[in-house]
Structure formats: C-alpha cells, structure tokens
Amino acid sequence: MQIGVPLETAAGEKRVATVPDVVGKLVKLGFSVAVQRGAGEAANFGDDAYRAAGAQVVDSAAELWSGSDIVFKVRPPSAEEVGLLREGGTLIGFVWPAQNPELMQQLAARRATVLAIDSLPRQLSRAQKMDALTSMAGVSGYRAVIEAANAFGRFFNGQVTAAGKIPPAKVFIAGAGVAGLAAIGTAAGLGAIVRANDTRAEVADQVVSLGGEFVKVDYEEEGSGGGGYAKVMSEGFQQAQRAMYAQQAQECDIIITTALIPGKPAPKLITAEMVQSMKPGSVIVDMAAEQGGNCELTEPGKAVVKHGVTIVGYTDLASRLAKQSSTLYSNNLLRLTEELCKTKDGVVNVNMEDDAIRGLTVIKDGSITWPPPPLKLPAPPPAKPAAAVAAPKGHGHGAGEPMSARSLALVFGLGALALLVVGLFAPASFLSHFTVFVLACFIGYMVIWNVTPSLHTPLMSVTNAISSIIAIGALIQIAPPLAGDSADRPSLLILGMAVVALALTAINMFGGFAVTRRMLAMFRK
C-alpha cells in the first residue's frame with residue numbers, strides 16, 4: 001500500500017505529516033511513500049531529503065491523493081481535498097469530529113476509513129506513543145513563552161548590574177496541562193518567577209517540581225474530567241477563580257492561558273477589566289485563541305495592543321516550530337502505523353477490537369463510528385479491610401507497639417540458651433571470631449545506623465551500614481595482636497579474606513557517595 005503525504009493547504013500551516021527520517025521506517029514496514037513536491041519545505045525538509053530516504057516525490061496534489069491508499073495529514077482536509085481522496089481510501093490526521101460534522105459526512109460519502117489522531121483514548125498508557133495532542137501541546141507551551149519573551153520589554157531573569165537592578169519577570173500560567181507544564185518549565189528556565197493554577201489539584205506537585213508556585217483557588221471542588229482534561233466547574237468555583245485571576249493580573253507581568261475543553265468554546269478567564277488593571281507593557285498569550293480565547297479582548301490569529309497590554313492570539317504556535325513539531329508528529333503517526341501493520345507487510349488492519357484503534361477510528365468503510373463506546377477500564381483493587389491492617393488487641397504487637405515483657409523474656413532466654421550451647425560445644429577459635437562478629441554488629445549499628453541518611457536512597461544508606469559492619473570486623477581481624485597473644489594471630493586465609501572484604505566494602509561505600517554526587521548534579525541548575 002502507498003502512503004501519501006500532501007502539502008498542507010491551511011493558511012500559515014508549515015508542518016508536514018512525515019519527515020525523511022520516518023520515511024525509511026515506513027518503507028521497512030512494507031509501505032511505499034509518496035510526498036507532494038514542496039510538502040516539507042516550510043519545515044526545512046527538502047524534496048531531495050525525501051528522495052534519499054526512499055520516498056517518491058510527485059508534482060500535484062491530485063496525483064498524490066488519487067494514487068495513495070493511505071493519506072497522512074496534519075490539518076483536517078478541505079472539501080476540495082476530500083474530493084481528491086480515493087474512494088475507500090484511508091485518512092489519518094487531525095479531524096476534530098465534534099467540531100466538523102459536515103466534514104464527517106463528506107468523508108463518509110467517499111466510503112473512507114478515517115482515523116482521527118485527536119480522538120485517541122489518552123487514558124490508555126500504551127497509547128502515549130501515539131498521542132499527537134500531547135506532542136503538539138508541549139511544543140505550543142514552549143513557543144508561547146518564546147512569543148511572550150519577544151513581546152515583553154525586559155529580561156525574564158533578575159539582574160544586578162552597574163546600570164541598576166532589574167527585577168525578575170512574574171509569569172502566571174492559567175492551566176497546568178501538558179501545554180501549561182511546558183510553559184512553566186520554559187519560563188522558570190529563563191529565570192522568571194512562575195505561578196500557575198489549575199482546577200485539578202493533583203497537578204500541584206508537578207508545578208512545584210518544574211520550579212513554579214501553585215496558586216490555589218479558595219474554593220474546594222474537584223476539577224478532574226475524563227481523558228486527562230479538566231471539567232467545567234461550578235459557578236461558585238468560577239467566581240472564586242476570577243477573584244484570584246484579578247489579583248494575579250495586577251501583580252504579574254505575563255499571563256499565559258491554556259484552558260480549553262474539547263468540543264466546547266474556550267472559557268473566558270481574563271476579562272477586559274483585568275486587562276486594564278495590568279501594568280503597561282504586560283503581555284497575555286492566549287493559547288485557546290482558536291476556540292475563541294480565554295481573554296475577552298483576544299483577536300484570534302493576531303497580536304494586538306489594548307490598554308497598553310500586548311495580547312497574543314496566534315493559532316499556529318506549534319507551526320511556528322515547524323521542524324520540531326513535524327518530527328514529533330511524524331513519530332506519533334509512525335507508532336500508529338506500527339499498530340495497524342503488526343505483520344510488517346505493508347497492509348493496514350483497522351482492528352476494532354483494539355481499544356486504542358477503536359477510539360481513533362471515527363469512520364470505518366464509510367460508516368460513522370464516532371463517538372466510540374466508553375472504555376472498559378480495569379476496576380481499582382478493593383481496599384483492605386480495617387481488621388487486616390491493625391492486629392487484634394492482646395495478640396502479638398503492632399509495628400508501633402513495644403514488645404510485651406513476656407515476649408522479651410522469652411527472646412532473651414532463647415538467646416542465652418543458644419550462647420550456652422555454642423560455648424559448651426564450639427571450638428575456642430570459633431568463639432573468638434563469633435565475639436568479633438557480634439561486637440562489629442553492635443558497633444556498626446550504633447555508629448552508622450542511627451546517623452541520618454545522606455545518600456539519595458534509604459536502601460543505599462542501609463547497604464552502607466552493612467558495609468560498615470563488615471569493614472569493622474575486617475579491621476579487627478587485620479589488627480596486630482597484643483604482646484604475648486601470638487597464639488591468637490589469624491591464619492593467612494582469614495587475613496586474605498579480611499583484606500578482600502575491606503577492599504570491596506570500601507568500593508561500595510565510596511561508590512555510593514560518588515553516585516549520589518552525580519545524581520544531585522542532575523537537579524542543579
């Protein structure tokens with residue numbers, strides 16, 4: 001089967017659905033690949049690079065569409081492109097079936113099979129490699145910060161120079177999904193003071209881990225929705241949220257909004273009054289501009305200045321990093337193709353029994369199959385009964401309870417009996433070495449175990465404690481005997497074993513601290 005990659009016709013779109021590095025991998029799966037002339041030029045992928053990778057370069061869109069069994073696209077096809085699609089062909093790309101019902105009918109009339117990459121069930125962990133929404137959101141979040149820096153009149157990081165002190169920029173990010181987290185990491189990396197908010201409380205730790213401060217709304221309500229998205233919140237929560245946004249607008253220099261729920265208009269988070277309250281020269285980057293915008297004054301596709309504030313409403317943020325986003329997107333489509341062609345014979349099999357493929361397939365052989373049935377996710381494990389957690393009173397002791405006097409006496413009695421048997425029947429040399437071992441255990445426990453762990457894992461601290469016990473025992477064996485105790489000198493075998501044990505434990509102990517230093521260095525800026 002032939003995979004066709006046409007030139008994107010949407011205004012301002014620079015991405016391409018497949019890059020030369022991926023063409024060779026598609027050929028290994030048994031497909032032939034055709035690319036329309038100039039399809040990758042805007043993303044810095046020339047026709048010669050596609051030819052070198054094994055693709056055929058065709059001159060016209062009509063030739064490519066009609067000659068391809070499968071078409072890879074970025075943007076949804078236009079009505080003209082649908083007319084060029086081969087009868088019964090397969091289309092893979094962004095379709096947005098909820099927003100494009102007419103397009104769905106046109107594709108169904110062509111008896112096409114359509115896999116909408118935007119309909120991937122993101123709850124499935126194995127679907128992450130095909131998740132183009134996440135890939136593009138990460139690129140867009142990064143680019144949003146770059147656009148904000150371009151429009152902002154100062155440094156992001158604070159500086160103290162001979163010419164004066166420059167305070168760091170304050171950046172507020174509304175929404176800490178994939179795009180928001182990418183924006184947080186980028187802004188924090190540039191040295192800004194970053195604050196963020198999200199209706200999903202579980203992302204607070206992620207915000208902090210990226211160097212941001214999570215700003216909580218003074219209203220208790222869970223905001224997690226299906227598929228990893230946030231849900232529409234109650235009116236009471238929205239009022240408290242608007243009050244918090246109004247305060248951040250007065251304090252911050254840059255606001256980046258990412259709030260968007262698929263199939264719904266973008267919620268209005270930043271009002272005109274909030275824009276007026278911002279300091280002159282401030283910047284708003286509205287990443288939801290394509291669906292109307294989170295700011296009341298956003299003009300989709302434009303950057304405008306209102307009340308002294310630059311409002312960036314670009315709808316092609318991912319396309320402004322065309323080479324990077326094309327590479328990520330083509331890898332997503334490659335992983336999807338591998339799932340469709342597990343036999344590597346160049347023939348796709350749209351398996352409707354596969355949850356991931358079923359969720360992607362919005363049209364099958366001309367029949368509209370969207371929306372898909374709900375996923376059958378595995379049930380969470382049942383909670384352990386309380387009786388199994390806490391031991392009944394009077395039977396043994398719990399983890400936090402001291403041992404009873406009777407049990408303690410029994411343990412000491414058994415230990416004394418064992419020592420008596422050893423003393424009566426064991427040779428004198430064994431008793432000497434056993435005494436050294438017991439003393440090493442006590443000294444190692446008291447000296448090492450009670451020290452606060454300073455290594456990167458408690459397990460490594462425990463292994464160092466054990467190593468210390470071995471080292472102490474080896475040192476005692478190696479130490480020269482006192483005058484007149486030559487009979488107690490250990491044999492050469494024991495001395496050799498003690499030296500080897502001491503060398504190995506030294507490697508383990510010092511190696512642990514060396515590994516810790518390297519791991520800590522990874523987290524330093």
Side-chain angles (χ1 to χ4, degrees), residues 1-9 16-37 39-40 47 50-51 53-95 97 103-120 130 132 326 329-352 354 356-358 360-370:
M1 300 179 76
Q2 176 174 297
I3 295 175
V5 182
L7 173 68
E8 295 293 326
T9 58
V16 62
T18 296
V19 301
D21 285 344
V22 172
V23 168
K25 298 174 183 178
L26 293 173
V27 171
K28 288 181 179 179
L29 290 175
F31 297 95
S32 61
V33 181
V35 180
Q36 185 179 347
R37 185 180 301 279
D47 294 337
Y50 283 105
R51 290 191 186 95
Q56 174 191 1
V57 177
V58 300
D59 292 326
S60 66
E63 181 183 355
L64 182 126
W65 281 85
S66 60
S68 300
D69 304 288
I70 306 168
V71 175
F72 284 179
K73 279 273 294 166
V74 179
R75 295 273 186 170
S78 63
E80 181 181 353
E81 289 174 324
V82 173
L84 297 175
L85 179 64
R86 173 185 289 187
E87 192 89 7
T90 300
L91 174 69
I92 302 177
F94 285 103
V95 177
L103 174 61
M104 293 284 287
Q105 294 297 333
Q106 293 170 4
L107 290 167
R110 301 290 295 175
R111 295 191 296 108
T113 296
V114 180
L115 280 75
I117 199 72
D118 48 89
S119 297
L120 180 76
M130 302 177 278
S326 297
Y329 182 68
S330 61
N331 282 328
N332 294 139
L333 295 192
L334 171 64
R335 302 309 172 199
L336 171 57
T337 307
E338 290 174 342
E339 293 293 318
L340 295 171
C341 183
K342 294 183 177 180
T343 55
K344 298 183 180 180
D345 57 357
V347 178
V348 297
N349 175 30
V350 182
N351 181 13
M352 300 296 274
D354 186 311
I357 303 303
R358 175 62 187 87
L360 284 168
T361 307
V362 296
I363 301 176
K364 180 71 163 65
D365 298 327
S367 300
I368 297 178
T369 59
W370 187 87

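Values in this document were obtained by computation on a predicted structure and should not be read as measured data.
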**OP:** Could you grab the distance from atom CH2 of W65 to atom NZ of K73, nearest 0.5 Å is fine?
**Re:** 5.5 Å
Subject >> Close side-chain approach of V74 and V16, heavy atoms under 4.5 Å >> reply: no
**OP:** With the side chain counted from C-beta on, respond yes when L91 and P77 share a heavy-atom pair under 4.5 Å apart, and no when they do not.
**Re:** yes
**OP:** Working to the nearest 0.5 Å, report the span between CZ of R110 and CZ of R86.
**Re:** 11.0 Å
Original post:
Taking only residues two or more places apart in sequence or in another chain, which ones pass ring-ring contact (aromatic ring centres under 6.0 Å, His included) with F94?
Top reply: W96, Y329
Original post:
Hey, mind stepping through L334 and L29 against side chain to side chain contact (heavy atoms under 4.5 Å, CB included) and telling me if it holds?
Top reply: CA-CA 10 Å; L334 171 64; L29 290 175; 4.2 Å; yes
Subject >> L333 side chain near V22 side chain, heavy-atom distance below 4.5 Å >> reply: no
Subject >> Flag side-chain contact, heavy atom, 4.5 Å: L115 against L340 >> reply: yes
Original post:
Is there a donor-acceptor pair under 3.5 Å between the side chain of Y50 and the backbone N or O of V23?
Top reply: no
Validation: residues 362-370 side-chain donor-acceptor distances under 3.5 Å, sequence neighbours left out:
unit_1	atom_1	unit_2	atom_2	d
D365	OD1	T113	OG1	3.2
T369	OG1	T361	O	2.7
T369	OG1	V362	O	3.3

Original post:
Going from CG on L120 to CG on N332, what distance comes out if it is rounded to the nearest 0.5 angstrom?
Top reply: 9.0 Å
Subject >> Minimum side-chain heavy-atom gap V95-D118 below 4.5 Å >> reply: yes
Original post:
Partners of K342 by salt bridge (charged side-chain N to carboxylate O under 4.0 Å, His left out), sequence neighbours excluded?
Top reply: E339
Original post:
Is any side-chain heavy atom of F31 less than 4.5 Å from a side-chain heavy atom of V348?
Top reply: yes
